[in-house]
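Data block below; observations after.
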Number of protein chains: 2
Amino acid sequence: MARRSDHSREEIQHMAVAAAITILNEQGVTGLSARKVAKSIGYTVGTLYLVFKNLDELLLYVNAATLDELHQAITEEAKIHTDPTLSLKSMALAYLHYAQQNSARWSLLFSHQLPDGQLLPDWFEQKIITVFDGVMKPLQQIQPDVNEQAVLQATRELWSGVHGACDLGLSNKLNMGAEFEIEALIESFVENYLFGFAKV
Amino acid sequence: MARRSDHSREEIQHMAVAAAITILNEQGVTGLSARKVAKSIGYTVGTLYLVFKNLDELLLYVNAATLDELHQAITEEAKIHTDPTLSLKSMALAYLHYAQQNSARWSLLFSHQLPDGQLLPDWFEQKIITVFDGVMKPLQQIQPDVNEQAVLQATRELWSGVHGACDLGLSNKLNMGAEFEIEALIESFVENYLFGFAKV
DNA sequence: TGCATTAATGAACAGTGTTCACTATTCTTG
DNA sequence: CAAGAATAGTGAACACTGTTCATTAATGCA
């Protein structure tokens, strides 16, 4: 059955990543398997292993696509406002909403660890940096005179908080009564943190 | 082979949880399996399912033990300082160090989701509240006049941040250069957030 | 036209969680 | 004390998982 369909390695890779994303959306992380991905693109498991080293590599590409979407969702929000604080608030909410609407992909992005303690490839790390860069700009506006190293760290401090709130919030580990909601918590968090950041 | 060894249901449960923790420490999350747990306590898989509804229930008890240890590690630190800010800083660092030294158990605690979207049992939620309570006390000292609802939320805002920094930091998703370290980031984060919290 | 190349297959392996008919031991009753 | 009821414990079986690799079959080239 060789060369039946004219799909290059790259085409099959793209098809597999797209199929995996569909399965993740429809059946969650536990619903994903190599055989399901292969079947849904009209190939068998063996072909998947001709094109990816293993499932972890496929998931890495899925996560790369998620990271791109996440970045787009956040930075689109940033453009709307000129005030950096408002910008950061709506970026944080965009992060939350993306996580809520794509919970399986979002949690895969952060729960997936490469085996052996393998490091993430450079092109993937670069994507992470790009996301942080989007958050960094408004912070630089707030504190234009502080050195870049400090803004770089503040970016990570702020975004860790937003991330943590989404993570614990979506998995019901914040023990929030119905009385207040996660959106308000995140907004208040960003406000409080930025007040401290602007103090110097 | 019935009633060979005189272990009650509760004893077998405790043995299984202890065995699971050992396996987690030695072989990580992926190294854990029902058969391994059963074997290491001298029973077969079937017995495990006589005593637990399923593996998820066993993991819930493992996570409960982790949460207890985490609570102890944090609150022990709190007692050392009288200044609430110093208290919260060293609690945050204790959280980080526990996560670093028990990475498998820590990540299981937060990655494990009950199937179907089942809710966490009340006794487990109570444990989460207890951990938050420990963080809440120093916050109340900082702002004694603010209403409890607000302190409750601030507790969750602050701790989400600490949690997020540990989560992203330990999985190398903060893209920190070697130039600065996670400890310093967490300390600075707590400082900045508390400055904002104290502003009112 | 025949042959070398290689895309694609799918059976096989060792593992997973979970179930349940069955066995072997103990407790209870006559 | 013997017979039977109750039940602790077993482990084979099922349907799944990721991964490998000898085999098959379609293609490009000589």
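For the numbers below, each heavy atom of this structure counts, side chains included, while hydrogens, waters and symmetry mates do not. Throughout, protein chains are lettered first and strands after them, A, B, ... in sequence-line order, and every chain is numbered starting at 1. On a predicted model such as this, the values are computed, not experimentally measured, just so you know.
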TODO: Could you work out which one of dT9(C), dT16(C), dT19(D) sits closest to the side chain of Ser33(B)?
DONE: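 The answer is dT16(C).
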Open item on the list: Side chain of Tyr43(A), heavy atoms from C-beta onward: which of dA8(C), dT19(C), dG9(D) has the nearest atom to it?
Closed with: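 Minimum distance to the Tyr43(A) side chain belongs to dA8(C).
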TODO: Report yes or no: does Thr155(A) contribute a side-chain atom to a donor-acceptor pair with the main-chain N or O of Val135(A) at less than 3.5 Å?
DONE: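 No: the side chain of Thr155(A) does not pair with the backbone of Val135(A).
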Task: Upstream residue (5' side of DNA chain C) when Leu50(A) and Arg35(A) are each assigned their closest nucleotide - done: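 Nearest nucleotide further toward 5': that of Leu50(A).
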Starting at [atom1] of [X] and ending at [atom2] of [N], how long is that distance when rounded to a whole Å?
X	N	atom1	atom2	value
Leu55(A)	dT17(D)	CG	C1'	9 Å
Gln27(B)	dT16(C)	CD	C1'	15 Å
His7(A)	dT27(D)	NE2	P	14 Å
Ile41(B)	dG9(D)	CD1	P	10 Å

Open item on the list: Quick check on ring-ring contact (aromatic ring centres under 6.0 Å, His included): which of Tyr193(A), Tyr95(A), Phe189(A) does Trp159(A) satisfy it with?
Closed with: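 Of all the options given, the one that passes is Tyr95(A).
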Open item on the list: If hydrophobic clusters are built from ILVMFWY residues whose side chains come within less than 4.5 Å, do Trp123(A) and Phe132(A) share one?
Closed with: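 Cluster IDs for Trp123(A) and Phe132(A) match.
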Open item on the list: For residues Leu96(A) and Leu86(A): do they belong to one hydrophobic cluster (side chain heavy atoms under 4.5 Å, members Ile, Leu, Val, Met, Phe, Trp, Tyr)?
Closed with: no
TODO: Determine the contact category for Ile12(B): base if any of its heavy atoms lies under 4.0 Å from a base atom, sugar-phosphate if only primed atoms, P, OP1 or OP2 are that close, otherwise nothing.
DONE: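 Touches sugar-phosphate only.
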- [ ] Identify whether any heavy atom of Thr47(A) sits under 4.0 Å from a base atom; if not, whether one sits that close to sugar-phosphate; answer base, sugar-phosphate or nothing.
- [x]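 Thr47(A): base contact, heavy atoms under 4.0 Å.
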